Amino acid sequence: LGVEDRHLTSEDVISIRAFLVLSAKQSLMGTRSPETEDISSILSYLVSNQSESHLVDMLQLLLALMSEHHAAILPRFDELGGLKVLFKLLTHEREPVRLFSLKIIGSYLTRVRLNSP
């Protein structure tokens, strides 16, 4: 078989997607904290995509970013309406998407500082 005759298996696709998510994570978490545009892109992707595996990958990335850069991400997450996106994902038909959304909401709530009157 020539290279052009070889089709990707589902394992190949999973490996490639994992590599791409890892590359994005390393890029976003390198020497700087994620910018507003980075968070906005992730949230836009979450809103526009319905594939369970893609959503779970991006939710895992968002959870990792929030865990490691919470001081920089929380204000941007608030500003961009991140909780609205996560609450929308709680209605997703697939349980893993709902569970990761809940994990991020929980992470957010444990780190956010409420303004007292």
Side-chain angles (χ1 to χ4, degrees):
L1 286 176
V3 173
E4 60 275 349
D5 294 333
R6 185 175 180 271
H7 296 284
L8 293 175
T9 65
S10 59
E11 290 83 18
D12 292 336
V13 172
I14 290 169
S15 294
I16 291 168
R17 193 173 61 238
F19 176 76
L20 290 172
V21 170
L22 178 63
S23 296
K25 180 180 177 186
Q26 289 175 339
S27 173
L28 291 171
M29 297 177 76
T31 58
R32 62 175 179 84
S33 63
E35 300 293 328
T36 301
E37 294 81 19
D38 300 325
I39 304 304
S40 177
S41 295
I42 292 171
L43 293 174
S44 294
Y45 186 83
L46 291 173
V47 168
S48 64
N49 199 312
Q50 289 299 311
S51 168
E52 174 189 351
S53 56
H54 294 196
L55 287 171
V56 169
D57 286 345
M58 296 314 309
L59 289 167
Q60 288 175 327
L61 175 61
L62 183 58
L63 183 60
L65 291 172
M66 192 173 279
S67 296
E68 295 197 24
H69 294 286
H70 60 273
I73 289 186
L74 290 180
R76 294 175 178 131
F77 190 76
D78 283 340
E79 173 186 315
L80 296 168
L83 280 179
K84 290 179 187 177
V85 172
L86 294 174
F87 279 114
K88 180 180 183 273
L89 289 175
L90 291 178
T91 65
H92 196 276
E93 64 186 28
R94 304 296 300 168
E95 185 177 26
V97 174
R98 295 191 307 266
L99 288 175
F100 270 101
S101 298
L102 281 172
K103 285 181 181 184
I104 295 170
I105 291 169
S107 177
Y108 172 85
L109 291 175
T110 60
R111 291 179 170 85
V112 71
R113 293 180 186 214
L114 299 176
N115 294 330
S116 300

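Every value quoted in this text rests on a predicted model; they were computed, and no experiment measured them. Counting from 1, the numbers follow the sequence of the chain as shown.
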Within the 4.5 Å heavy-atom criterion, are [X] and [Y] side-chain neighbours or not?
{"X": "D38", "Y": "I42", "result": "no"}
{"X": "L62", "Y": "F77", "result": "yes"}
{"X": "D57", "Y": "L20", "result": "no"}
{"X": "S101", "Y": "K88", "result": "no"}
{"X": "H92", "Y": "Q50", "result": "yes"}
{"X": "L59", "Y": "L86", "result": "yes"}

Distance under 6.0 Å and angle within 45° of ring axis: K84 vs F87: no
S40 side-chain N/O to T36 backbone N/O, donor-acceptor pair under 3.5 Å: no
Member of I105, T110, V112 meeting the side-chain contact (heavy atoms from CB on, under 4.5 Å) criterion with Y108: V112
For [X] against [Y], the heavy-atom pair lying closest together:
{"X": "G82", "Y": "L43", "result": "CA-CD1, 3.8 Å"}
{"X": "P75", "Y": "A71", "result": "CD-O, 3.3 Å"}
{"X": "L89", "Y": "R98", "result": "O-CG, 3.8 Å"}

Step-by-step side-chain contact (heavy atoms from CB on, under 4.5 Å) determination, R76 to E35: CA-CA 8 Å; R76 294 175 178 131; E35 300 293 328; 4.0 Å; yes
Linked, directly or transitively: L99 and I104 (ILVMFWY side chains, under 4.5 Å): no
Test side chain to side chain donor-acceptor pair (under 3.5 Å) applied to D12 and T9, step by step: CA-CA 5 Å; D12 292 336; T9 65; 3.3 Å; yes
